[in-house]
Structure formats: structure tokens, C-alpha cells
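Only one structure is covered here, and it is reproduced in the block below.
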Number of protein chains: 2
Amino acid sequence: MNAQDILKKYQLSVTDSRLSVLQIFMQAGGALSHSDIESRLKGFHDRVTVYRTLQTFAEKGIIHQIPTIDNAVLYALCKEDCTDGHHHDNHVHFLCTECEITTCLDEVVVPVVKLPRGFRQNDVKMIVTGVCKSCK
Amino acid sequence: MNAQDILKKYQLSVTDSRLSVLQIFMQAGGALSHSDIESRLKGFHDRVTVYRTLQTFAEKGIIHQIPTIDNAVLYALCKEDCTDGHHHDNHVHFLCTECEITTCLDEVVVPVVKLPRGFRQNDVKMIVTGVCKSCK
DNA sequence: TATTATTTTGCAACATTATTGCAAATTTAA
DNA sequence: TTAAATTTGCAATAATGTTGCAAAATAATA
């Protein structure tokens with residue numbers, strides 16, 4: 001599915017900046033931060049537009065946020081079966097300390113944990129740090 | 001162990017601001033962000049001092065950082081057996097969507113995951129979102 | 001205890017990151 | 001093609017984080 005179709009599927013206006021951001025995600029292997037995207041746009045679009053685009057994409061379920069230990073907010077493309085507000089991104093995220101690239105390990109499912117009495121569980125995120133395949 | 005003893009144990013000068021920050025952590029049940037601490041200090045110490053104090057504590061292993069989905073950097077007290085650079089914080093973190101408090105579930109150990117071939121694993125973080133005991 | 005050496009603090013300045021309102025431009029609907 | 005709705009970019013502002021440096025506080029020494 002190309003960028004334009006994805007936008008239409010999620011009922012979003014097809015605009016230059018949205019197409020660019022989406023294509024950047026599709027080309028990038030791993031997860032991207034706001035500044036990653038901004039630098040790849042090479043000043044073509046305003047910072048504010050990027051912020052708003054990312055927010056819109058996240059709301060629609062086109063991208064999902066990845067938790068990080070520092071304060072970088074990372075985003076990555078969701079799989080096709082994500083819908084508004086209901087993401088299926090229960091995969092493990094891997095942060096390589098060598099190349100510093102964060103990737104979604106789609107094939108590794110987050111294991112189930114048993115919480116103490118009284119806790120109701122909603123969503124689980126898991127981030128593994130280490131050295132990736134390409135850097136080992 | 002009181003705040004002063006902890007500082008001494010980690011060979012840190014005992015200062016006003018360090019004692020205050022440490023006591024704030026000891027009183028707080030959950031994890032705290034920089035701004036949480038700043039507001040609890042009620043302007044008694046400079047912003048910069050808080051940043052440096054948190055950094056020092058993290059380096060020494062008095063506190064550890066918690067990954068978050070937004071860009072808030074959260075810190076929480078480590079258990080007593082943490083040493084410089086070698087933390088034993090392999091427990092699950094719980095973020096309550098009601099009270100927005102993040103707590104360390106010390107009794108819940110992060111489960112082991114099997115990574116694809118070629119990945120070397122170092123450290124695993126796990127954040128569970130849901131409703132906590134007090135808010136249910 | 002008094003003095004010196006070391007460390008820490010607070011201020012100022014600055015850099016980065018994020019948010020909001022609003023008019024102009026673009027996209028979609030008619 | 002035109003009108004309505006949405007999106008964009010600019011400006012202004014807020015929040016967050018960093019660095020250098022002199023003054024103050026703490027620790028080490030005599």
C-alpha cells in the first residue's frame with residue numbers, strides 16, 4: 001500500500017507534508033524521533049507541521065509511540081491491522097546501543113506478566129537494549 | 001537508612017539539596033519527574049541543581065530512570081543492593097492511567113524473551129499501563 | 001578548631017523542544 | 001468551478017535541558 005492509499009484509508013486529507021512524513025517512515029527501517037524526521041525533510045516543512053502530522057498519525061493508528069529511557073519520543077509505523085485508538089503493537093522493541101537504531105521486533109510477542117492483586121492491566125510495552133544483528 | 005546515610009554510603013557530599021531531593025523520593029510512593037521534584041522543592045533550590053542532583057544520583061545508582069511513552073523522564077529510588085553503574089532494577093513498572101502515578105512493582109520480575117538470531121540482549125525494560133490498586 | 005582544598009550551588013546565558021492562535025494556502029466536497 | 005473545510009507556516013511563547021563561572025558550602029588537613 002502506498003502513502004496516498006494509507007492516508008485515504010484513514011480518512012485523512014492527502015497533503016504534501018503527510019505524504020513526505022509517511023514515506024520517510026516507510027523508507028526507514030526503525031523508529032524515528034521528531035528530529036530524525038525534521039532533518040530528513042531538510043527544511044521542506046515547518047517544525048510545527050511535523051509535530052501535528054505525527055500527532056494525527058498516532059491518533060489514527062498509523063504510527064505508534066515507543067517508550068524510551070531518555071526523553072526522546074520515538075514513533076514507528078503500525079502494522080496494517082491497527083485501527084483508531086486500538087493498536088496491535090504488542091511486539092518487543094529493540095534498541096541497539098551501537099547504531100542507536102530502535103527497531104520493532106514484530107515476530108517477538110511481549111510475554112504475559114502476572115500483576116499483584118488489584119491491578120488491572122491494559123497495555124504492556126517492552127524495550128530490549130543490546131546489540132543488533134547488523135552491529136554484532 | 002536515612003537520607004544522610006545513603007549519601008555517605010555512596011560517597012557523596014551531604015548537602016541541603018541532595019538531602020531534600022532524596023527525602024522527596026523516600027516520601028513519594030512512585031516515580032517522579034524533574035518537574036515533580038521541582039514543584040515539591042517549592043523554589044528552594046535552583047532548577048540546574050535539581051538536574052545535576054538527579055544525574056549524580058542516577059550515576060551512583062541511588063535512583064534509576066524509567067522509560068515512558070511520552071517524553072517525561074521519570075526517576076525512582078533503587079533498591080539497596082544497587083551499586084555504581086550496576087543496577088538491579090529488573091522489575092516491572094506500572095503506570096496508572098487514572099492517578100497517572102508510576103510505581104515500581106518490585107515483586108514482578110521482567111520475564112525472559114527470546115530474541116531472533118544475531119541479537120545480543122543486554123537489558124530489558126517493561127512498562128505496564130492500566131489501573132492500579134488504589135484507583136480500581 | 002582554624003585553615004585550606006575540593007565540591008557544589010545558583011545565576012546568567014543559551015540551546016533545544018514543544019505548544020497555541022491566526023491568517024493564508026491547500027485540499028476536499030458540492 | 002466555486003464554496004466549505006482542513007491544513008500549513010509564521011510568530012510568539014512556554015517548557016525543558018545544558019554550560020561556564022564566581023560565590024558558597026562541604027570535606028579534608030593541619
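When reading the values below, keep in mind they use all heavy atoms of this one structure, side chains included, and skip hydrogens, waters and symmetry mates. Each chain gets a letter, A, B and so on, in the order its sequence line appears, and its residues count up from 1.
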On the nucleotide C:dG10, are OP1 or OP2 found under 4.0 Å from the side-chain N or O atoms that B:His45 carries?
yes
Think B:Arg47 has a side-chain N or O under 4.0 angstrom from the OP1 or OP2 of D:dG17?
no
Between protein and nucleotides 26-30 of chain C, what N or O pairs are separated by less than 3.5 Å?
{"from": "C:dT28", "atom 1": "OP1", "to": "A:Val14", "atom 2": "N", "distance (Å)": "2.7"}

By a strict heavy-atom criterion of less than 4.0 Å, which residues belonging to residues 48-56 of chain A are in contact with DNA chain C?
A:Val48, A:Tyr51, A:Arg52
Contact summary for B:Ile127 and B:Pro67, nearest pair of heavy atoms:
CG1-O, 3.6 Å
[X] [atom1] - [N] [atom2] separation (whole Å):
{"X": "B:Leu19", "N": "D:dT26", "atom1": "CG", "atom2": "C1'", "value": "12 Å"}
{"X": "A:Leu7", "N": "D:dT7", "atom1": "CG", "atom2": "P", "value": "11 Å"}
{"X": "B:Leu74", "N": "D:dT16", "atom1": "CG", "atom2": "P", "value": "12 Å"}
{"X": "B:Phe44", "N": "D:dA24", "atom1": "CZ", "atom2": "P", "value": "18 Å"}
{"X": "A:Asp46", "N": "C:dA18", "atom1": "CG", "atom2": "P", "value": "14 Å"}
{"X": "A:Lys60", "N": "D:dT6", "atom1": "NZ", "atom2": "P", "value": "11 Å"}
{"X": "A:Glu38", "N": "D:dG9", "atom1": "CD", "atom2": "P", "value": "12 Å"}

Once the angle between the rings of B:His64 and B:His93 is folded into 0 to 90°, is it parallel (under 30°), tilted (30 to 60°) or perpendicular (over 60°)?
tilted
Check this for me: A:Glu100, atom CD, are more than 12 non-hydrogen atoms of other residues, nucleotides or ligands nearer than 6.0 Å?
no
For atom CD of A:Gln11, is the number of surrounding heavy atoms from other residues, nucleotides or ligands below 6.0 Å larger than 12?
no
Between B:Arg18 (side chain) and B:Ser13 (backbone), is there a donor-acceptor pair under 3.5 Å?
yes
Flag, side chain of A:Gln65 to backbone of B:Ile69, donor-acceptor distance under 3.5 Å:
yes
Heavy-atom distance under 4.5 Å between the side chains of B:Ile62 and B:Leu77, does that happen here?
yes
Centres of the B:Tyr75 and B:Phe57 rings: under 6.0 Å?
no
Given D:dT16, D:dT7, C:dC11, the nucleotide with the shortest approach to the side chain of B:Ser35:
D:dT16
Do B:Ser35 and B:Ser33 have side-chain N/O donor and acceptor atoms under 3.5 Å apart?
yes
